[in-house]
Amino acid sequence: MDKTYSPELFEREIYNNWLEKGYFGSKPDNRKSYTIVMPPCNVTGKAHIGHALDNTIQDILIRTKRMQGVNALWVPGTDHAAIATEQVLVKDLKRNGLSKESIGREEFLKRGWDWYGKYTHVICDQLKMLGISCDWSRLAFTMDENLNQAVRHVFCEYYKNGLIYKGKRVVNYCPSCKTTISDNENVHVDQNTYLWYIRYPFADGSGEVVVATTRPETLFGDTAVAVNPNDKRFKGQVGKDLILPLVNKKIKLIADDYCEIGFGTGAVKITPAHDPNDYEVGFRHNLEIINCIDDNGLLTDAAGEFKGLDRIEARKAIEEALEKGGYLIKKEKYKNQVGTCERCGSFTEPRISTQWFVKMKDLAKPAIEAVKNGDLKFHPKRYEKTYLNWLENIQDWCISRQIWLGHRIPVYTCENGHTFASEEERPKKCPHCGNTYLTQDNDVLDTWFSSALWPFSTLGYPNQTEDLKYYYPTSTLVTGYDIITFWVSKMVFSGIKFMGEVPFKDVVIHGIVRDKHGIKMSKHLGNGIDPIDMIEKYGADALRLSLVNGMSMGTDVKYDEDKAKDAKIFINKLYNASKFVIQNIADINIKPLNKLELQEKDKWILNELDLLIKNVTKNIEKYTIGVATSNLIEFTVSKFCDWYIELTKVDLYGEDKDRKGVAQNVLYYVLDALLKLFHPFIPLVTEYIYQNLPQHEETIMLTKYPKKLNLKDLTNNFADIIELIKSIRNARAEFNVPDNKRTSLYIKLEGEDAEISKNLQEIAKLAYGTTAQIVNKEPQEKCVKIICKNAVVYIPMGELVDSNKEKERLEKEIESVKFEIQRSKKMLSNEGFVAKAPAALIEKEREKLAVNTQTLEKLTEQLKNV
RNA sequence: GGAAGCUUAGCUCAGCUGGGAGAGCAUCUGCCUUACAAGCAGGAGGUCAUAGGUUCGAUCCCUAUAGCUUCCACCA
């Protein structure tokens, strides 16, 4: 092994070897299955740090299960991300002076496929750098033939069941992406704008109604003004005609509950074509619908002289015109929220159009039930509220998109006007009349339509395959809270509807990786951290550990490069400890632990290891992965390295062959178990080290996961010896004795010898002693005296012992012991405490009081003699 | 407007069903001790947001307040 940890020297090679050997593959067999389907990554561009977190968590779960002997399958996949990809392609065409329309649908789709073909491996290669163990032979793509089949099948099922309908609705439209987007993709942002107060005169000249609006440009689409039916101010005026300013057209003053009495001027203009509420009002009052904004976000003919102006830019011109005509009363500053397109950021336009919808009410019901009856569990639990809240207030799902890439809606119309859905990719004739001239619907499906089927479409659905039978329902879904409503909920109702069962049992929700100031990483701000950079600088294992260590599931992670650096420093520590062990067990004679004469320290570390195994296993099961890594790191540094390794040096470098053998075997055993426990988190370095052990299997990733030791008696008092050593170190530090100055150590035993006499070498080594020896009485030399449990330690520090200083030290100690005694007495004299606290607690307190009283006596005695 | 979460050491955060406040980083002191100076040993640093309540006992449970964050929502 090299002197320092250099991940770049072995990470790639180890991963490629795993791939070659096919260790990641899974086939149905007679074992229990554990399955995860990877949230499909967009084929656009690069892996970001969120992918790294998401996949690290999944890999940890999969690797653990695999080692625990379960048949673990992790299905990787990619998503066609239609809108985003289409944008890229369109831009590319534009650069070459072309457009979608000019090359035609077929050619455009061909280019789409070329693009996917070219970039799929880019994202996959990046994921591979993370060391993740998904079954690459099953790599799925949302536009694979089998998945297309699933999409068409599901669509037709919905269609047959009357769950899909085509209807007019106000939907969010992005004039820049030129497509409808879902409510989820419509991001509300705060906006500083104005409220324009506009005068609408009555046609008969009997006065006016003042309307306040944030969108004067939609004035051309107004077909009424509404007031609340109970608003006394407008009594007797409802039903009269108003003149629409600038257009000089008559519109009616109507009464509708939608209009609130206390708000604004009490009157609101109604623009059915450009506002969902207004549409409803318009529907109730049978109002005309006038579109005044077109597909490109420009004003239409309805705007007369303003035709062709951009919807936002038009405001100024309209304002001037209103002003000139005497219609504008005032303009005041106003803060409101406005919808923007998640992808391009432009203001979305509520727009009335014909779209395809899925009826959600009945589908949502069992999905709600699944969480309520515990078939589906969220971790952490609080996220089930997000899920339920959304499903309980569900709106019908608009599934059509006006783009070309993606799954085209499988609905056809024949020449005779018959419309039908077909599972066949190219149906030959109309099932109603046999007509063979068929045209297909132009829209494609929302990408989430195919992602919703992911847990079963990737396993073969709609074909009833072996895989589907064996692996479905999957076990755990790991994803961020940002797509609970987008995706998780859709998979759940789809799974229940088409497979009759929830698609997974546990949903593990993690947070978002933010920059160190807590701001969301984005290209726009340039505050993103590239996971590939981190891997190149610190190694994949360090990146993984840094993302997951100390993380609390479901909470956002603030991340900066220092975390990767720290993780690398820790791994270096593990690496060096391993190197030490490996170097010192070259001549090991491996024996089972129960054949060894274990000493106190050996029992101590084995006991600690048992505890570690228990905690790590439990925390992985609970999905509290950040706690599991903390357990592991704490054990490695504070137990194994700081104490056990140092302690074994006495035996490894000593004369006693037997003791050396015991130390070698325990070191080997602990390191072996520790590497296995660490493997799911930092797979590459653990494999590398494991291969250097004197005895090992072909790969660590297929070894058995450590279990609690089955040794009879591991009880020990070694903690007392550690305390004794610490006391000596403390005293030395207090007298400013540098670590390189060693002294003799005299130990007078008091009461029971808690193995102290058997650990004198260890005590000397770790407490900076030249020697440590048992004495019967206080030495003649001038010493610092340290009171410990079962012993008094005398440290001859010669001229360094300053009696004033020693006095000071003792006084300080007496002070603190007195404080403790006070505290115990107070508690024990509290009647309520004695009466109601648990007995064990009271007993513990009494014992403490007794010990401290004794210590106080000894210290006082000592102070007298200084 | 509805909902959820957060507020603990200088920074980032842990703290299980209430029973003496923890880690990492940063900082200070001493040490290159043959795995590791990317290290070792020791120390300093907290009215656990505020005010009430329940309890023998509250960082933890309840109520209110303040500040921050996020999600959902059609208020001109």
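Values reported hereafter were calculated over all heavy atoms of this structure, with side chains retained and with hydrogens, waters and symmetry mates removed.
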Inset, instruction - Look at all strands and tell whether A/Tyr334 reaches a base, only sugar-phosphate, or nothing, counting heavy atoms closer than 4.0 Å. - result: sugar-phosphate
Legend entry - A/Lys3 side-chain N/O to B/C36 phosphate OP1/OP2 under 4.0 Å: yes
Legend entry - Partner nucleotide, any strand, of B/A44 [Watson-Crick/G-U, under 3.5 Å]: none
Legend entry - Rounded interatomic separation in angstrom, taking CG from A/Leu828 and P from B/G20: 13 Å
Inset, instruction - Determine which nucleotide pairs with B/A64, using a 3.5 Å limit on both distances of a Watson-Crick or G-U wobble pair. - result: B/U50
Inset, instruction - Between A/Lys573 and A/Asn277, just flag the one whose closest nucleotide in RNA chain B comes earlier from the 5' side. - result: A/Lys573
Legend entry - Test item: side-chain donor near acceptor, A/Asn619 and A/Asn615, under 3.5 Å: no
Inset, instruction - Spell out yes or no: do the side chain of A/Asn736 and the base of B/G30 have one donor N/O and one acceptor N/O closer than 3.5 Å? - result: no
Inset, instruction - Could you tell me whether A/Glu813 and A/Arg809 have a side-chain N and a carboxylate O separated by less than 4.0 Å? - result: yes
Inset, instruction - Can you tell me, in whole Å, how much space there is between the C1' of B/A3 and that of B/A73? - result: 11 Å
Inset, instruction - Indicate, with a heavy-atom threshold strictly under 4.0 Å, whether A/Lys558 touches base, sugar-phosphate, or nothing. - result: sugar-phosphate
Legend entry - Whole-Å distance separating the CG atom of A/Asn615 from the P atom of B/A23: 17 Å
Legend entry - Phosphate contact (B/C32 OP1 or OP2) by A/Asn740 side-chain N/O below 4.0 Å: yes
Inset, instruction - Taking only the side-chain heavy atoms of A/Pro738 (C-beta and beyond), determine which of B/G30, B/A14, B/C36 contains the nearest atom. - result: B/G30
Legend entry - Cationic tip of A/Arg169 above A/Phe357 ring, under 6.0 Å, 45° of axis: yes
Inset, instruction - Among the candidates B/A35, B/G42, B/G39, find the nucleotide nearest to the side-chain atoms of A/Arg729. - result: B/G42
Inset, instruction - For B/A58 and B/C48, measure between their C1' atoms and round to the nearest Å. - result: 11 Å
Legend entry - A/Glu723 CD to B/G42 P, straight-line distance once rounded to whole Å: 11 Å
Inset, instruction - Kindly indicate whether the side chain of A/Asn830 and the base of B/C56 share any N or O donor-acceptor pair separated by less than 3.5 Å? - result: no
Inset, instruction - Write down the partner of B/C16 under the Watson-Crick or G-U wobble criteria, each distance required to be under 3.5 Å. - result: none
Legend entry - Selected nucleotide, minimal atom distance to A/Ala733 side chain, candidates B/U33, B/G39, B/G42: B/G42
Inset, instruction - Let me know the distance between NE2 of A/His517 and P of B/U70, rounded to the nearest Å. - result: 16 Å
Legend entry - Watson-Crick or G-U wobble partner of B/C25, both distances under 3.5 Å: B/G10
Inset, instruction - In plain terms, say whether A/Lys568 and A/Asp562 are close enough for a salt bridge, that is, a side-chain N and a carboxylate O under 4.0 Å apart. - result: no
Legend entry - Shortest side-chain distance from A/Pro838, nucleotide among B/A35, B/G19, B/G42: B/G19
Legend entry - Sugar-phosphate, base or nothing in reach of A/Asp642, heavy atoms under 4.0 Å: sugar-phosphate
Inset, instruction - Please say whether the positively charged group of A/Arg742, taken as NZ for Lys or CZ for Arg, lies over the ring of A/Tyr768, i.e. under 6.0 angstrom from the six-membered ring centre and within 45 degrees of the axis. - result: no
Legend entry - Length of the line joining A/Glu813:CD and B/G43:P, which is rounded to integer Å: 12 Å
Inset, instruction - Using a heavy-atom cut-off of under 4.0 Å over every strand shown, decide if A/Ser552 touches base, sugar-phosphate, or nothing. - result: sugar-phosphate
Inset, instruction - Have a look at A/Tyr653 and say if it touches a base, only the backbone sugar-phosphate, or nothing, with a 4.0 Å heavy-atom cut-off. - result: sugar-phosphate
Legend entry - A/Asn730 CG to B/C31 P, straight-line distance once rounded to whole Å: 18 Å
Inset, instruction - Report the nucleotide, chosen from B/A76, B/C71, B/G24, that has the shortest atom-to-atom distance to any side-chain atom of A/Cys259. - result: B/A76
Legend entry - Proximity to the side chain of A/Lys563 - top-ranked nucleotide from B/G30, B/A41, B/U12: B/U12
Legend entry - A/Lys848/A/Glu845 ion pair, N-O < 4.0 Å: yes
Legend entry - Nucleotide of B/U70, B/G24, B/G20 approaching A/Lys848 most closely (side-chain heavy atoms): B/G20
Inset, instruction - Assess the side chains of A/Thr348 and A/Asn172: does a donor N or O sit below 3.5 Å from an acceptor N or O? - result: no
Inset, instruction - Classify the nucleic acid contact of A/Arg742 as base, sugar-phosphate or nothing, counting any heavy atom under 4.0 Å across all strands shown. - result: nothing
Legend entry - Closest to the A/Lys568 side chain, choosing from B/A4, B/A76, B/A38: B/A38
Legend entry - Pairwise P distance, B/A26 and B/U63 [rounded to whole Å]: 41 Å
Inset, instruction - Would you mind checking if A/Glu217 and A/Arg311 are paired as a salt bridge, meaning a charged N to carboxylate O distance below 4.0 Å? - result: no
Legend entry - Interatomic distance, A/Glu392 CD vs B/A73 C1' [rounded to whole Å]: 15 Å
Legend entry - Same-atom distance (C1') from B/C11 to B/G52, integer angstrom: 32 Å
Inset, instruction - Tell me which nucleotide among B/G30, B/C74, B/G19 gets nearest to the side chain of A/Asp739. - result: B/G30
Inset, instruction - Answer yes or no: does a side-chain N or O of A/Asn393 lie under 4.0 Å from OP1 or OP2 of B/A73? - result: no
Legend entry - RNA chain B: 5'-proximal contact among A/Asp556 and A/Phe570 (nearest heavy atom): A/Asp556
Inset, instruction - Using the C1' atom as the reference point in each nucleotide, state the distance between B/A23 and B/U17 in Å, no decimals. - result: 24 Å
Inset, instruction - Record whether the side chain of A/Glu646 comes under 3.5 Å of the base of B/A41 through a donor-acceptor pair of N or O atoms. - result: no
Legend entry - A/Lys385 side-chain proximity, nearest of B/C36, B/C56, B/A4: B/A4
Inset, instruction - Using both distances under 3.5 Å as the test, list the Watson-Crick or G-U wobble partner of B/C32, or none. - result: none
Inset, instruction - Would you state whether a donor and an acceptor, one from the side chain of A/Arg823 and one from the base of B/G20, lie under 3.5 Å apart? - result: yes
Inset, instruction - Report the distance from atom CG of A/Asp560 to atom P of B/A26, rounded to the nearest whole Å. - result: 12 Å
Inset, instruction - Quote, to the nearest angstrom, the C1' distance that separates B/G45 from B/G22. - result: 14 Å
Inset, instruction - Assess the side chains of A/Tyr538 and A/Ser546: does a donor N or O sit below 3.5 Å from an acceptor N or O? - result: no
Legend entry - B/A14 and B/C25, which share atom name C1', separated by this distance in whole Å: 14 Å
Inset, instruction - Rounded to whole angstrom, note down the C1' distance from B/C13 over to B/A21. - result: 15 Å
Inset, instruction - Tell me what A/Lys579 touches on the nucleic acid: a base, only sugar-phosphate, or nothing, going by heavy atoms under 4.0 Å. - result: sugar-phosphate
Legend entry - Modelled atom types, side-chain donor and acceptor of A/Lys269 and A/Thr271, under 3.5 Å: yes
Inset, instruction - Determine the contact category for A/Ala835: base if any of its heavy atoms lies under 4.0 Å from a base atom, sugar-phosphate if only primed atoms, P, OP1 or OP2 are that close, otherwise nothing. - result: nothing
